[in-house]
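Worksheet: one structure, shown below.
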Number of protein chains: 2
Amino acid sequence: MVWPKKISERLNIKYPLIQAPMFGVSSPEMAFAAARANCLGSLALADLSADQSVALIRETKKLTDKDFAVNIFVHTIPEMTDALKEKFVKTKHWIEKLAQKNNIEVSLPNLENIKVNSYHEQIDAIIQENCRIVSFTFGNLDDKSIQKLKAENIILIGTCTSVGEALLLESSGIDIICVQGIEAGGHRGTFDADDIPQIGGLSLLSQVYDCVKVPLIYAGGMYNASTLLAAKNLGAQGFQIGSVLLTSQESSLQAFEKERLKKVNEKDIILTKSFSGRYARGISNKYIQMMENSEYILPYPYQNKLTQELRRISKTLNNIDFVSIWVGQSIYHYSELSTEEILKKLIAEVESVE
Amino acid sequence: MVWPKKISERLNIKYPLIQAPMFGVSSPEMAFAAARANCLGSLALADLSADQSVALIRETKKLTDKDFAVNIFVHTIPEMTDALKEKFVKTKHWIEKLAQKNNIEVSLPNLENIKVNSYHEQIDAIIQENCRIVSFTFGNLDDKSIQKLKAENIILIGTCTSVGEALLLESSGIDIICVQGIEAGGHRGTFDADDIPQIGGLSLLSQVYDCVKVPLIYAGGMYNASTLLAAKNLGAQGFQIGSVLLTSQESSLQAFEKERLKKVNEKDIILTKSFSGRYARGISNKYIQMMENSEYILPYPYQNKLTQELRRISKTLNNIDFVSIWVGQSIYHYSELSTEEILKKLIAEVESVE
């Protein structure tokens, strides 16, 4: 297969493969390894504070002088109403009891101890740290942020899960669109957290390509030469690689989580709001089954902040039933090689296809 | 693009395109038109009685001496318990009231007037009418039926929506598998009506191809050369064409339904159980919005039989809010040409791609 050129030329990489930003999984080391494979590394900043974002950016810059994308969550923060405060207290209590019943001692934060960050501070930090590529999800950047970033010649990559979202991104002047098919693991990038389109990559990518002019990256189900070739035929100029790297040496997942991934069955993989308040695709477990249709799911980012400590403690306990393991719909032989080797093998496989 | 050969050789067609069986939309004329385009026509028999099936098969055979596939629903019929009887009465009453409020006078059938057909009688009729190709959905044929059909050298095409279903079909000796991606319109072919996997075509087709050896047809989102080429790259040897033919001259849809299709937006397209008791993808309307999260959905085929008369009357009234219009996730310029012309144009487009 001949590699498409638009994205790789724009991003100054040899191969148009993008290591997916996977908060809690990807790391500065993973971004560095992707760069060594002549692909684009991504640093997942999610909704960290500006200071935390700066620390991670500096850590990555110590490792590599190549460009990498920093990825942020551009969600709107829901208004804290009395009803939401009340729901928070009930949810906290319910989850603490659920944890206790399952022998996990955890004290979840009170609302007043939760710090919700706006992405605007991250943008200032990103500019100050001289980052060259910003990717984002959960919505579109506001006009002022776009202007600020463009004034610095920073390349902007937005995420869409529908044609409508792609059109909004393009009309805002976003440079590159990452089309996220339903196959993708982790959080859905949908603008409206509650009403997510569930369009398969085949239909979505093809239609976005029909409707917009900016170059497209495809994310979702990319795991071998055939899937990359199919995405290329549907109009992708770049390919985002996520789940394939979950068990790599640079992944921050624990050994017991990697073992779970190796045993995953297609029936285990579900879409759930129960950990963060936003839909994400991952492996079903006891926590998800108890929570999913309950009253105890707060809107993002509150659910996310509330359950963070439960997930952290469950990790230290190797408790598979209370951690979130995100993964896409393509199941294959998960590899323990390094990110660099996994990407290089995939590149070689693609190049061997006529 | 060079056409893959396995399916077309096996089915004795020039082009490996299969006109999708679409009950209530496709017709003997459509199957005939597909045959004229040197593709495979399909006659949707759904869960009709043996006599109705024979009548449609004979009607089609009068039009063409080419082979066509007959498509049947191989669902299991749920046991009629007292609880289900009670739910039936309540549902009938509720839907009648809903119709009345919306100025539709309709009398839905009582349970004793509903005739539920088993597919086993259809199989005897199909053999007797000398059909050569049987495709099926909603499950797998039982072993005895498979033996009967194989004894007549009839080619069997099963439908899968997961890798697990594909493996079951293959191990039963089914000759060809139609892989139905989440993009597809109409009913999900899933074996278990209540627990449907929602795997995007890109991940599903690729993984089924990795796991089974029988040739694969892909269904879902096929509307232009790129989508067919992508499916070919993922392992498809045949391509099922459904939504593209919805507004064709041979479609049984009414003019007002075709007009609705031409205005469809991606946000209108949803998955619903409300018409038949099984999940199907189509255009949202008032009926679906009222029903979807209600208590008033019976298991298939009871919901389907119950709502049939409501849909029939709504069609005569041009009432878009109470008819079911099934459509997949790919939206494009719907054409009013004949099925033959639409297929020939698609073939020409595919052949012009290098």
Side-chain angles (χ1 to χ4, degrees), chain A residues 1 160-167 179-185 192 195-211 218-236 243 265-271 281 327-333 353, chain B residues 1 160-167 179-185 192 195-211 218-236 243 265-271 281 327-333 353:
Chain A
M1 165 179 143
C160 81
T161 63
S162 69
V163 174
E165 290 170 357
L167 291 168
V179 177
Q180 191 193 36
I182 194 66
E183 295 86 352
D192 178 345
D195 185 19
I196 61 164
Q198 298 206 37
I199 310 182
L202 233 149
S203 277
L204 179 63
L205 177 55
S206 180
Q207 292 177 91
V208 171
Y209 180 73
D210 287 350
C211 296
Y218 180 70
M222 304 281 91
Y223 72 105
N224 60 8
S226 306
T227 47
L228 266 73
L229 188 50
K232 183 191 167 194
N233 284 322
L234 295 167
S243 301
N265 181 287
E266 61 184 342
K267 287 195 175 183
D268 301 332
I269 300 174
I270 58 144
L271 211 51
R281 187 175 303 290
V327 64
Q329 292 184 328
S330 288
I331 299 170
Y332 38 84
H333 174 70
V353 174
Chain B
M1 163 178 145
C160 80
T161 63
S162 69
V163 174
E165 290 170 356
L167 290 170
V179 177
Q180 190 192 36
I182 194 66
E183 297 86 352
D192 178 345
D195 185 20
I196 61 165
Q198 298 205 39
I199 310 181
L202 233 149
S203 278
L204 180 63
L205 176 55
S206 179
Q207 291 178 91
V208 171
Y209 180 75
D210 287 348
C211 295
Y218 180 70
M222 304 281 91
Y223 73 105
N224 59 8
S226 307
T227 46
L228 266 74
L229 189 52
K232 182 191 167 192
N233 285 324
L234 295 167
S243 302
N265 181 286
E266 60 184 343
K267 286 195 175 182
D268 301 333
I269 300 175
I270 58 143
L271 210 52
R281 185 176 304 290
V327 65
Q329 291 184 327
S330 288
I331 299 169
Y332 39 83
H333 175 70
V353 174

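Residue numbers start from 1 in every chain, and the chains themselves are labelled A, B, ... in the order their sequence lines are given, proteins ahead of strands.
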Check: Checking side-chain contact (heavy atoms from CB on, under 4.5 Å) for the pair A:Leu202/B:Gln329: CA distance, chi angles, key distance, verdict?
Finding: CA-CA 9 Å; A:Leu202 233 149; B:Gln329 291 184 327; over 6 Å; no

Item checked: Atom group of A:Tyr332 that falls short of 4.5 Å from chain B, counting heavy atoms ->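 No part of it gets close to chain B.
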
Margin query: Quick check on A:Ile269 against chain B: is it the side chain, the backbone, both or neither that has a heavy atom closer than 4.5 Å?
Written below: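 It is neither, since no heavy atom gets under 4.5 Å.
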
Next item on the list: Starting at CD of A:Glu266, measure out to CD1 of B:Ile199 and round the result to the nearest 0.5 Å.
Entry: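 With rounding to 0.5 Å, CD (A:Glu266) is 4.5 Å from CD1 (B:Ile199).
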
Note to self: Looking only at the side chains, is there a donor atom on one of A:Tyr209 and B:Ser226 sitting less than 3.5 Å from an acceptor on the other?
What the structure shows: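 On atom types as modelled, these side chains do not qualify, holding no pair under 3.5 Å.
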
Checklist line | All salt bridge (Lys or Arg N to Asp or Glu O under 4.0 Å) counterparts of A:Asp210, not counting sequence neighbours | finding: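 So A:Asp210 forms no salt bridge (Lys or Arg N to Asp or Glu O under 4.0 Å) with any residue.
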
Next item on the list: Taking all non-hydrogen atoms of both residues into account, name the closest pair between B:Gly221 and A:Ser203 and its distance.
Entry: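 Smallest heavy-atom distance, with atoms named: CA-OG, 3.5 Å.
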
Note to self: Counting heavy-atom pairs under 4.5 Å with chain B, which one of A:Leu204, A:Asn233, A:Leu234 comes out on top?
What the structure shows: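 Greatest number of close heavy-atom pairs with chain B: A:Asn233.
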
Item checked: Contact leader toward chain A among B:Asn265, B:Leu229, B:Leu271, B:Ile182, where contacts are heavy-atom pairs under 4.5 Å ->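 When all of B:Asn265, B:Leu229, B:Leu271, B:Ile182 are compared, B:Leu229 has the most.
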
Note to self: Below 4.5 Å, heavy-atom pairs only: which of B:Gly200, B:Ala225, B:Gly328 has the largest tally toward chain A?
What the structure shows: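 Between B:Gly200, B:Ala225, B:Gly328, the count favours B:Gly200.
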
Next item on the list: Tell me, for B:Asn224 versus chain A, whether the close heavy atoms (under 4.5 Å) come from the side chain, the backbone, both or neither.
Entry: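 Only the side chain of B:Asn224 comes within 4.5 Å of chain A.
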
Next item on the list: Give, as side chain, backbone, both or neither, the part of B:Ile270 having an atom under 4.5 angstrom from any heavy atom of chain A.
Entry: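 Contact with chain A: none, neither part.
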
Note to self: What I'd like to find out is whether the side chain of A:Pro197 reaches to under 4.5 Å of the side chain of B:Lys267, using heavy atoms alone.
What the structure shows: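 No, every pair of side-chain atoms sits at 4.5 Å or beyond.
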
